[in-house]
Amino acid sequence: MSQLFGRTLREAPAEAESANHQLLLRAGLIAQLSAGVYSYLPLAWRALRKIEAIIRDEMDAAGAQELLMPIIQPLELWRETGRDEAYGEVLFRLRDRREHEHVLAPTHEESVTDLVRRTVQSYRELPVTLYQIQQKFRDEPRPRGGLVRVRQFIMKDAYSFDHDEEGFQRSYDAMRRAYANIFDQCGVPTLPVEADSGAIGGKISQEFVFLSEIGEDTIALCPQCRYGANTERAEFQRGDPVQETPLPLEEIATPGVTTIEALADYLHITPRQTAKAIFYLADGAPIFVVIRGDLEVNEVKLANLLGARDLRPMDDQAVAAAGWTAGYASPIGLKNVRAVADISIPDASNLVAGANKPNTHLRNTNYGRDWTAEIVGDIGSAQAGLPCPRCGEPLETHRAIELGHVFKLGTGYSEKMATTFSAADGEQRFPIMGCYGIGLERLLAAVIETNHDEDGIRWPRSVAPYDIHIVAIDADRDEVRALVASVAAELEAADYSLLIDDRDERPGVKFNDADLLGMPLRLTLSPRSLKNDAVELKARNAPAVQQVARANLLAATTAAFADAAAC
């Protein structure tokens, strides 16, 4: 440790809010260069390399082949798929001296598809799954949470190509099993949940999420049937609609009543009996959205339904410019309105909605009779307490961090990029693709978030920078140096990795740093050890120190790691 680059801190910097971010900084694992850009110091890099090794073992066992693709990609590839616009400002763009446009890769679907179209000609060359562990770049507008959302990061990304659906399902299932094994070996509990595919594409995808209050995502879970989905995609039961005989429209005065809650109180009804209007700009065009009053709009679902790249709420000025009356609006009687309705609306009878003039609402509005929408679809946001779409039990919602994502891409990329192979019948067909990503820094952060206490990190051995932390007391004394050298030689011969605190520091400082750095096992060597011919042994997750005879040290060390593995 006298030669280790980096230093520990007694207090975490003020900007670090989560436990893992605080500990990453306090333990001297990372250093911020700029917003969302970090250096990984030697201890963190050793942990990341061990995570890489776990990932490589599982990818190789699943039949994937490792390669390395360029970080700099021609922008033309992204234009082939249209993702230059889908990613927008998230893409880092650059021009070379010849004025050719390039991007710094946020992901490699285009590159790997181009590689396959240049290489694979026949179905006999399929299936193939290719993977890399590579730097990625995304110009995130709001980097946050330490390593949770950064602008430069390390990703394991894999891509499978199959000649038929049956083969693709085998490739996909192999990756899902590999992911479960990876997270299990790293000591991080994860859940596979349904997810929105976002800019990657494909109709079906699953995230492997780590439940944590520091997470950016919200997950809907059913404790009864174990249904789980990111709320960007989650479904729910809306309940049987209140179906009544449609009644005549009735205009009612509602002075100063501009919210659903206030409207329900004023009329002594439930929010479920109202129709709520929300206004958006979708790629610059105004959109009038209607949903049942007790529900909320899911903007990801709405953007997907519209095929919109940019969706944002309209401000009061934009609403007025569109000719709508905020707080009292409905599509009834309006012309040239692009309206979108949630699936909760068409079967509901006699809802209260705006009358399109101040201080006035309409009773008994009915879809189909009084108005229709250009598009009807599921745009509702799953909330805690709403019925599970499968079993009807109340859903729970939890914050979570996405650690891995697996996608069923189908033939979207291969068709757009004219990537074909010769099938057994001689016909040219498009390969069926899947892609599979794991963020290594996020996984490192999740390991620490899962495995820590008030004193510091508690590394699982599988990803710990070192197996054993040797604390040498009076390390400058010749006899202590000799004891340390003897113990180190014995343990290294048994394939244990060692971090030796040989610094000229007080014992209390050394013990505090040992707890902060959190290696699985701590050995204390001191003049007392020499006198008693014994070593102090303490597992990081154990409350007590053991006195172990020097002659039994190797056996006791092996037993301590076996006990930790059993736990």
Side-chain angles (χ1 to χ4, degrees), residues 1-13 16 18-34 36-56 133-136 146-148 150-156 185-188 438-452 455-472 475 484-485 487-489 491-492 495-505 509-523 525 540 561:
M1 285 187 70
S2 62
Q3 300 174 31
L4 179 66
F5 183 76
R7 61 188 178 90
T8 58
L9 304 174
R10 297 275 71 84
E11 301 291 335
S18 64
N20 80 82
H21 192 191
Q22 293 171 358
L23 290 169
L24 284 162
L25 293 170
R26 285 188 57 212
L29 298 177
I30 64 173
Q32 182 170 310
L33 178 64
S34 62
V37 181
Y38 288 89
S39 296
Y40 302 106
L41 278 59
L43 291 178
W45 189 240
R46 288 181 66 94
L48 284 167
R49 292 294 295 274
K50 294 182 82 169
I51 291 173
E52 282 187 16
I54 291 170
I55 290 173
R56 281 193 172 93
I133 298 175
Q134 171 70 287
Q135 296 281 343
K136 299 287 189 290
L147 302 184
V148 170
V150 290
R151 303 171 80 199
Q152 176 178 341
F153 57 97
I154 306 168
M155 179 185 286
K156 188 287 302 176
Q185 288 186 61
C186 290
V188 178
I438 291 178
L440 271 70
E441 289 100 332
R442 281 191 176 191
L443 183 49
L444 176 66
V447 168
I448 296 173
E449 193 72 28
T450 304
N451 300 279
H452 74 273
D455 296 319
I457 303 168
R458 296 169 57 171
W459 291 105
R461 186 188 178 190
S462 60
V463 296
Y466 292 92
D467 297 324
I468 300 171
H469 190 139
I470 293 179
V471 175
V484 170
V487 168
L491 293 174
E492 287 177 337
D495 206 27
Y496 291 109
S497 59
L498 311 177
L499 177 64
I500 301 172
D501 193 343
D502 59 341
R503 298 173 299 167
D504 182 19
E505 291 283 2
V509 172
K510 294 189 172 190
F511 289 136
N512 285 339
D513 280 349
D515 283 342
L516 174 60
L517 297 179
M519 307 310 156
L521 199 64
R522 187 187 81 202
L523 301 180
L525 306 179
R540 179 63 180 85
F561 278 113

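Source: prediction; values computed, not measured.
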Can you name the nearest heavy-atom pair linking L147 to V150, along with the distance?
CA-CG1, 3.9 Å
Listed partners of Y466 passing ring-ring contact (aromatic ring centres under 6.0 Å, His included), at least two apart
none
Quick check: do L444 and L29 have side-chain heavy atoms less than 4.5 Å from each other?
no
Are W459 and V447 packed together at the side-chain level, in the sense that at least one heavy-atom pair is separated by less than 4.5 angstrom?
yes
If you look only at distance, which donor and acceptor atoms sit under 3.5 Å apart when one is on a side chain in residues 36-43 and the other is two or more places apart or in another chain?
| unit_1 | atom_1 | unit_2 | atom_2 | d |
| --- | --- | --- | --- | --- |
| Y38 | OH | Q32 | OE1 | 3.0 |
| Y40 | OH | E441 | OE2 | 2.8 |

Cation-pi geometry met for R461 and F561 (6.0 Å, 45°):
yes
Output the distance between atom NZ (K156) and atom CG (L443), rounded to the nearest 0.5 Å.
11.5 Å
Apply side-chain contact (heavy atoms from CB on, under 4.5 Å) to residues D467 and L498 and explain how you reach the verdict.
CA-CA 6 Å; D467 297 324; L498 311 177; 6.0 Å; no
Return yes if some donor-acceptor pair links the side-chain N/O of S2 with the main-chain N/O of D502 below 3.5 Å, else return no.
no
Is the closest side-chain heavy-atom distance between Q152 and K136 below 4.5 Å?
no
Is the backbone N or O of S18 less than 3.5 Å from a side-chain atom of H21, with the two atoms forming a donor-acceptor pair by type?
no
With D513, the salt bridge (charged side-chain N to carboxylate O under 4.0 Å, His left out) member among R522, R503, R7, R26
R503
From L517 atom CG to D455 atom CG, the distance as rounded to the nearest 0.5 Å
12.0 Å
Does a side-chain N-to-carboxylate-O contact under 4.0 Å join K510 and D515?
no
Test item: R540 side-chain N/O and P520 main-chain N/O as donor-acceptor pair under 3.5 Å:
no
Kindly indicate whether the side chain of M1, heavy atoms from C-beta on, has any atom under 4.5 Å from the side chain of L499.
yes
